[in-house]
Amino acid sequence: MERKPSIAHRRASSGALSLASKQHFTQPPYRYSEATLIKELEEKGIGRPSTYAAILATIKEKEYVRLEKGKFFPTELGVW
């Protein structure tokens, strides 16, 4: 299987290879709300419905995340 280069390229009429770079902007990571985090836990088979509230309480109590405008953001402690 041949790997494709990350830079777009085309052949000039002379047969020489010309390269054209393409600028790409990344998007910030998706942030979970309480509901979307529970949905993700369910889909991955993590925990049980009776433990979801305790999981959310624990990650907030231990300051792994902070809740801003309904979305979880990792703290420095939560990144490690």
Side-chain angles (χ1 to χ4, degrees):
M1 178 179 230
E2 187 177 322
R3 290 179 56 176
K4 294 184 179 184
S6 61
I7 299 176
H9 68 279
R10 9 170 226 255
R11 294 226 178 247
S13 59
S14 65
L17 186 64
S18 68
L19 299 175
S21 65
K22 187 175 182 181
Q23 189 172 13
H24 176 74
F25 294 98
T26 59
Q27 297 296 318
Y30 176 76
R31 301 297 178 190
Y32 289 104
S33 66
E34 289 186 359
T36 57
L37 181 57
I38 289 172
K39 183 177 178 184
E40 189 74 17
L41 292 171
E42 288 173 343
E43 288 175 3
K44 294 191 183 277
I46 299 171
R48 300 178 47 95
S50 61
T51 62
Y52 296 145
I55 291 170
L56 294 177
T58 300
I59 64 173
K60 289 187 272 185
E61 270 179 33
K62 303 244 183 215
E63 297 181 357
Y64 296 138
V65 295
R66 67 183 190 285
L67 195 59
E68 289 181 16
K69 297 181 184 176
K71 303 286 183 187
F72 285 116
F73 289 85
T75 62
E76 191 171 324
L77 184 61
V79 174
W80 293 101

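The structure displayed is predicted, hence computed values, not measured ones. Positions are given from 1 along the sequence.
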Pairwise ring pair (Phe, Tyr, Trp, His ring centres under 6.0 Å) hits with a residue in residues 52-76, at least two apart
none
Is any side-chain heavy atom of [X] less than 4.5 Å from a side-chain heavy atom of [Y]?
X	Y	answer
Ile38	Leu56	yes
Glu42	Glu40	no
Thr51	Ile46	no

State which residues pass salt bridge (charged side-chain N to carboxylate O under 4.0 Å, His left out) with Glu43; sequence neighbours excluded, sorted by chain then number.
none
Identify, with sequence neighbours excluded, every residue that meets salt bridge (charged side-chain N to carboxylate O under 4.0 Å, His left out) alongside Glu63.
none
Can you list every side-chain hydrogen bond (donor to acceptor under 3.5 Å, both in side chains) pair that touches residues 23-35, not counting sequence neighbours?
Ser33-Thr36, Glu34-Lys60
Can you tell me which residue pairs pass the side-chain hydrogen bond (donor to acceptor under 3.5 Å, both in side chains) test with a partner in residues 70-79, sequence neighbours excluded?
none
Hydrophobic cluster partners of Val79 (side-chain heavy atoms under 4.5 Å)
none
Interatomic distance, Leu41 atom CG to Lys44 atom NZ [nearest 0.5 angstrom]
9.5 Å
I need the Leu67 CG to Lys69 NZ distance, nearest 0.5 Å.
12.0 Å
Can you check whether Ala54's main-chain N or O pairs, donor with acceptor, with Thr58's side chain at less than 3.5 Å?
yes
